[in-house]
Amino acid sequence: MRLKKRSDYKRVYRCGVARKRAYFSFHIFQREGPARLGIVIQRRWGTAVKRNRMKRVIRETFRRNSELFTGMDIIVRPHEVCQGCEAEEVKRLLIKEFREAAGTEVKNEQGKSLSD
RNA sequence: GGAGAGGGCUAGGUGGUCGCGGAGGGAGACCCUUUCGAGGGUUCCUCUGAGGAAAGUCCGGACUCCACAGGGCAGGCCACUGGGGAAAUCCCAGCGGGGGUGACCUCGGGAAAGUGCCACAGAGAAUAGACCGCCGAUGGCUCCGCGGAUAUUUCCCGCGGGCACAGGUGACGGUGAAACGGUGGUGUAAGAGACCACCAGCGGCCUGGGCGACCAGGCCGGCUCGGUAAACCCUGGCCGGAGCAAGGCCAAGUAGAAAGGCAUCUGAGGGCUGCCCGUCCGAGCCUUUGGGUAGGCCGCGCAGAUGAAUGACCCCCCAGGACAGAAUCCGGCUUACAGGCCCUCUCCCUUA
RNA sequence: GGGAGCGUGGCGCAGUCGGUUAGCGCACUGGGUUGUGGUCCCAGGGGUCGCGGGUUCGAGUCCCGUCGCUCCUC
């Protein structure tokens, strides 16, 4: 599933946890229900073809490994260093960095601002 | 065989596994909502799913709104000819100038309606001829010499020389992007289209060809006329403005918030691109601060969404596979582009 | 998606009607002043005018194409 509404994005940005890694940035929000994904790529990142390919590879990885992401809303933002990567490389780096980012501390840090 | 010119086509393909957007169908199964009619989702089947440029937004339209848009000025765009086209900075064919050995490429109203500009250099930069220079035939000189008349001189006359005072003269004058037609001759005191021959260029007339731009030939004239309109401009033609974030509907919501200004029919303000006239609407309008929402549906398509769909892996073809992703839709232009294929044509070399 | 605007030394900007010295401030370098540094004074270096074509004798300026950036759009 995908994040569709502006209010969903706002909630993830305001109440979620931000993690910045070398190749991707993550915003993670713990939530009941199936996992939902949002991808943010600026226009300056590359041409429309490059942006579309990156989004497709990220969605493919999300679909293949959906058991990793259950119970959270995630916003992924690729950095400019990802532009030269092959698809297999993007997959490997995305899973690796997400496992680093989504440690156990996510649940602990989140709870207080959930009242919004 | 090599070099090149013009035009067209294609844009990896075939077969599998997993996955995505949309439309239609279902007799079944599951979940959610329910006003118990039904609606939505998942699953199953079928069909369909990016480009020649989708791009840049450079032109032109369709479409939508602005209270159907009148006149003048200003403004913008276009410009050889004939067709095509809804129109266009579009296409096809042709004409003329320039470039190329050639196939071909490129440019296109008017400089003789007027204005402006042409820096530096140069004598001179736009139709008036100045300066230096040349000549000084013809005049001029209280210049010099010789000769004639006279005994001699002045004076007078003639010849030769000088002066450069009148005057004559034009393109010779380090330049410059551009210099007042070019070459040769006649001619003259010196020269010059002053005259002659050829050539270049301009204008007018006539004849013939072509729908036309224009071309070919002949005659005549003045004897020569710079460049720039992607400077102002002139001539002819076209143009109301904004743009799908146009525009319409529904829902939610501040809030009928505060301050200042101008008005309430002798009329603020607004629309008709800017200004004026004219005309129409007209009781509220404008600016600033503060605040609210930035859901959904139509517009919207024989691909078609509204956080926005095409990807990953494997096999074969020896290997490689570019530029690049629809967002209202069409017709063009321009720009980017790996490799491959086809057609037509030109030049050079070799062989027959 | 649509509509406007801007690119000039390292930075921020001028550059008129197209004319030939591309200029100003800060910054940089050298020298002077001072016991030293700052301030101040003098001198100097540094420019593909975003890029590519075109018009013109001549383009930062005019025209066309292209690249990059910024702003507006209930």
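Below, chain A is the first sequence line, B the second, and so on; all start at residue 1.
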**Asked** In Watson-Crick or G-U wobble terms, both distances under 3.5 Å, what is the partner of G304(B)?
**Response** none

**Length of the CZ-P vector between Phe62(A) and C20(B), whole Å** = 13 Å

**Prompt:** For G52(B), is chi within 90° of 0 (syn) or not (anti)?
**Reply:** syn

**Asked** Within the distance-only criterion (no hydrogens, no angle test), does the side chain of Glu97(A) pair as donor or acceptor with the backbone N or O of Arg21(A) below 3.5 angstrom?
**Response** no

**Complete:** Glycosidic torsion of G301(B) (syn if within 90° of 0, anti otherwise) classifies it as syn

**Item:** Atom-pair distance (CD on Glu86(A); P on G311(B)), nearest Å
**Value:** 15 Å

**Asked** Does any donor-acceptor pair link the side chain of Arg63(A) with the base of G311(B) at a separation under 3.5 Å?
**Response** no

**Fill in**
By the Watson-Crick or G-U definition, both distances under 3.5 Å, U235(B) is matched with A79(B)

**Asked** What is the distance from NZ of Lys50(A) to P of U310(B), rounded to the nearest Å?
**Response** 19 Å

**Prompt:** Any ion pair linking Glu60(A) and Arg64(A) (charged N to carboxylate O, less than 4.0 Å)?
**Reply:** yes

**Message:** Checking base pairs now: Watson-Crick or wobble, both atom distances under 3.5 Å. What partners A257(B)?
**Reply:** U289(B)

**Item:** G147(B) - base-pair partner by Watson-Crick or wobble geometry, distances under 3.5 Å
**Value:** C157(B)

**Item:** Phe69(A): which of Phe62(A), Phe26(A), Phe29(A) passes ring pair (Phe, Tyr, Trp, His ring centres under 6.0 Å)
**Value:** Phe62(A)

**Prompt:** Should Thr61(A) and Phe98(A) be marked as a side chain to side chain contact (heavy atoms under 4.5 Å, CB included) after you check the CA-CA gap, both sets of side-chain angles, and the distance that decides it?
**Reply:** CA-CA 11 Å; Thr61(A) 311; Phe98(A) 180 75; over 6 Å; no

**Request:** Could you let me know what U207(B) is paired to, Watson-Crick or G-U wobble, both distances under 3.5 Å, or none if it's on its own?
**Result:** A216(B)

**Message:** Would you measure the distance from the P atom in C275(B) across to the matching atom in G269(B) and give it in whole Å?
**Reply:** 14 Å

**Asked** So what does Val57(A) touch, heavy atoms closer than 4.0 Å: a base, only the sugar-phosphate, or nothing?
**Response** nothing

**Message:** Test of understanding: clusters of I, L, V, M, F, W, Y form through side-chain heavy atoms closer than 4.5 Å, transitively. Do Val40(A) and Val49(A) belong to the same one?
**Reply:** no

**Asked** So what's G10(C) paired with, Watson-Crick or G-U wobble, going by both distances under 3.5 Å?
**Response** C26(C)

**Request:** Could you measure between the two C1' atoms, the one in G201(B) and the one in C223(B), and give it in whole Å?
**Result:** 12 Å

**Request:** Using atom CD of Glu60(A) as one end and atom P of C313(B) as the other, report the distance to the nearest whole Å.
**Result:** 9 Å

**Complete:** Between Arg56(A) and Ile75(A), the residue closer to the 5' end of RNA chain B by nearest nucleotide is Ile75(A)

**Asked** Where each residue is assigned the nucleotide of RNA chain B containing its nearest heavy atom, which of Ile39(A) and Ala87(A) is assigned the position nearer the 5′ end?
**Response** Ile39(A)

**Asked** Reckon Arg59(A) has a side-chain N or O less than 4.0 Å from the OP1 or OP2 of G19(B)?
**Response** no

**Prompt:** Taking atom P in both A93(B) and U106(B), what distance in whole Å separates the two?
**Reply:** 13 Å

**Separation of atom CG in Asn52(A) from atom C1' in A309(B), rounded to whole Å** = 10 Å

**Asked** If you measure from the C1' atom in C67(C) to the same atom in G100(B), how many Å do you get, rounded?
**Response** 33 Å

**Request:** Measure from CD on Glu89(A) to P on C313(B) and round the result to the nearest Å.
**Result:** 13 Å

**Asked** Using the purine O4'-C1'-N9-C4 or pyrimidine O4'-C1'-N1-C2 torsion, is A22(C) syn (within 90° of 0) or anti?
**Response** anti

**Message:** Give me syn or anti for G21(B), where syn covers glycosidic angles within 90 degrees of 0.
**Reply:** anti

**Anti or syn - G208(B), cut at 90° from 0** = anti

**Prompt:** Rounded to the Å, how far apart are Arg53(A) CZ and A50(B) P?
**Reply:** 16 Å

**Asked** Among the nucleotides G325(B), A309(B), A312(B), which one has an atom lying closest to any side-chain atom of Thr47(A)?
**Response** G325(B)

**Message:** Work out how far the C1' atom of C298(B) is from that of A246(B), and round it to whole angstrom.
**Reply:** 14 Å

**Fill in**
Partner of G243(B) under the Watson-Crick or G-U wobble criteria, both distances under 3.5 Å, comes out as C63(B)

**Request:** Could you measure between the two C1' atoms, the one in U89(B) and the one in C244(B), and give it in whole Å?
**Result:** 26 Å

**Request:** Determine whether Leu94(A) and Asn65(A) make a side-chain contact, defined as any pair of heavy atoms from C-beta on separated by less than 4.5 Å.
**Result:** no

**Request:** Considering only atom C1', compute the distance from U306(B) to C343(B) and round it to an integer number of Å.
**Result:** 48 Å

**Rounded distance in Å - CE (Met54(A)) to P (U310(B))** = 15 Å

**Counter-base of C195(B), judged by Watson-Crick or G-U geometry with both distances under 3.5 Å** = G185(B)

**Fill in**
Side-chain atoms of Lys91(A) come closest, of G307(B), G325(B), A312(B), to A312(B)

**Asked** Which nucleotide, G325(B), G307(B), A312(B), lies nearest any side-chain atom of Val49(A)?
**Response** G325(B)

**Request:** Considering only NZ, NE, NH1 and NH2 on the basic side and carboxylate oxygens on the acidic side, decide whether Arg92(A) and Glu88(A) come within less than 4.0 Å.
**Result:** no

**Request:** Kindly indicate whether the side chain of Ile41(A), heavy atoms from C-beta on, has any atom under 4.5 Å from the side chain of Lys50(A).
**Result:** no

**Gap in Å between the two C1' atoms, one belonging to G299(B) and one to G1(C), rounded** = 15 Å

